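Structure, as structure tokens:
Just so you know, these numbers come straight off a predicted model, no measurement behind them.
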Amino acid sequence: RPDHNWPLLLAANRDEMTARPWLFPARHWHEHPNVVAGIDQLAGGSWLGLSDEGVVAIVMNRYGTLGPQAGRRSRGELVLKALTYGGAAEAATVLAEVNPALYRSFNLVVADRNDAFWLCHREAENQHRIEVHTLQPGISMLTDQDCNDPRSPRIQTYLPRFRSAPPPDPETDDGWSAWTSLLASQPVDHRSDPHSAMTVVTQRGFGTVSSSLIALPAASREDLRPTWRFASDRPDRTGYQPVPM
């Protein structure tokens, strides 16, 4: 929403192996003192972070590439790399030149109050360059496939619901309620594909492990500060707490 007081709103559920250790978002890295992010204790990177310069970065595995692979770098380091730059456009330009052979497939979103980009590495298609796509104004949704991809059952079901829901108001206590209800949604019955829900629950040790709500204010609103609310478990059974910035 380029001309809004809150131009960037981001909601993100993290789906991961539930036994994989991590810590609540904070300033975990001495070498990145400007970064607030959750830390993946296994590989040392992050899935989602926010910099003091107002850049947000979030990485997702693409379909069929869960977990590390011998000889490949952790995709979580891409979040930290993106947050070393002063703006999303600069970060996207630099990260587009990363050697994709170093990583398993990923989707990476880099955004600030002015711009938003989706970077895509399609390993299965022998891609030799990382794609960069500009996210247009409005609501976009990304999972382990393409942005707004109708092949994704989750996007099929929930993108229209997010688009029709009342927009969040980060300045009120319950201003995110419409979106948090959607983020906590599960399949209506046990026969449904658990991955088609917003909150994923499975019997194989994989599922939704946390949830985030981030809002960045316009540069002209010096009275407003970025906000990050974080649920440290599935959002259907735990509340959101403010992340100290």
Using a 6.0 Å cut-off, check whether atom [atom1] of [X] has over 12 heavy atoms from anything other than its own residue.
X: E31; atom1: CD; answer: yes
X: D223; atom1: CG; answer: yes
X: R163; atom1: CZ; answer: yes
X: F162; atom1: CZ; answer: yes

Would a distance-only check, ignoring hydrogens and angles, find a side-chain to backbone donor-acceptor pair under 3.5 Å from [X] to [Y]?
X: S152; Y: D149; value: no
X: N13; Y: S211; value: no
X: H121; Y: P100; value: yes
X: R27; Y: M245; value: yes
X: T84; Y: K81; value: yes
X: D115; Y: A89; value: no

Could you tell me whether the side chain of [Y] reaches within less than 4.5 Å of the side chain of [X], counting heavy atoms only?
X: R73; Y: L78; answer: no
X: F106; Y: I130; answer: yes
X: E53; Y: N34; answer: yes
X: P2; Y: N114; answer: no

Nearest 0.5 Å please: distance from the [atom1] atom of [X] over to the [atom2] atom of [Y].
X: D112; Y: S51; atom1: CG; atom2: OG; value: 8.5 Å
X: S212; Y: L10; atom1: OG; atom2: CG; value: 8.0 Å
X: R62; Y: D144; atom1: CZ; atom2: CG; value: 8.0 Å
X: Y158; Y: L183; atom1: OH; atom2: CG; value: 9.5 Å
X: M60; Y: C120; atom1: CE; atom2: SG; value: 10.0 Å
X: R14; Y: S232; atom1: CZ; atom2: OG; value: 12.5 Å

Exercise: identify the closest heavy-atom pair between [X] and [Y]:
X: N148; Y: S140; result: OD1-CA, 3.4 Å
X: C147; Y: L135; result: SG-CD2, 3.7 Å
X: A215; Y: P170; result: CB-CG, 3.5 Å
X: G44; Y: W29; result: O-NE1, 3.0 Å
X: A178; Y: A165; result: CB-CB, 4.1 Å
X: P160; Y: I155; result: CD-O, 3.6 Å

Would the F24 and F230 ring centres measure less than 6.0 Å apart? yes
Common cluster, [X]/[Y], ILVMFWY with side-chain heavy-atom separation under 4.5 Å:
X: I214; Y: V36; result: yes
X: V109; Y: L48; result: yes
X: V55; Y: L216; result: no
X: W47; Y: L50; result: yes
X: V79; Y: L119; result: yes

Matching residue for D15 among T208, T143, T202 - test: side chain to side chain donor-acceptor pair (under 3.5 Å): T208
Who are the side-chain contact (heavy atoms from CB on, under 4.5 Å) partners of P217, not counting sequence neighbours? W6, R113, L224, P226
As a quick check of understanding, evaluate side chain to side chain contact (heavy atoms under 4.5 Å, CB included) for R229 and V243, giving each step before the final call. CA-CA 6 Å; R229 302 183 185 190; V243 174; over 6 Å; no
List for me each residue that meets side-chain hydrogen bond (donor to acceptor under 3.5 Å, both in side chains) alongside Y103, sequence neighbours excluded, and say none if there are none. E77
Stepwise, does the side chain to side chain contact (heavy atoms under 4.5 Å, CB included) test hold for D40 with S46? CA-CA 5 Å; D40 170 31; S46 183; over 6 Å; no
When R234, R154, Q186 are each screened for side chain to side chain contact (heavy atoms under 4.5 Å, CB included) with V200, the one that passes is R154
We want to know whether W118 and N107 form a side-chain donor-acceptor pair, criterion being a heavy-atom distance below 3.5 angstrom. yes
Before giving the answer on side chain to side chain contact (heavy atoms under 4.5 Å, CB included), spell out for R1 and L9 the whole-Å C-alpha distance, their side-chain angles and the decisive distance to 0.1 Å. CA-CA 9 Å; R1 307 187 295 181; L9 302 175; 3.3 Å; yes
For Y240 and L213, run side chain to side chain contact (heavy atoms under 4.5 Å, CB included): C-alpha distance rounded to whole Å, both residues' side-chain angles, the deciding distance at 0.1 Å, then the answer. CA-CA 8 Å; Y240 290 81; L213 302 164; 3.8 Å; yes
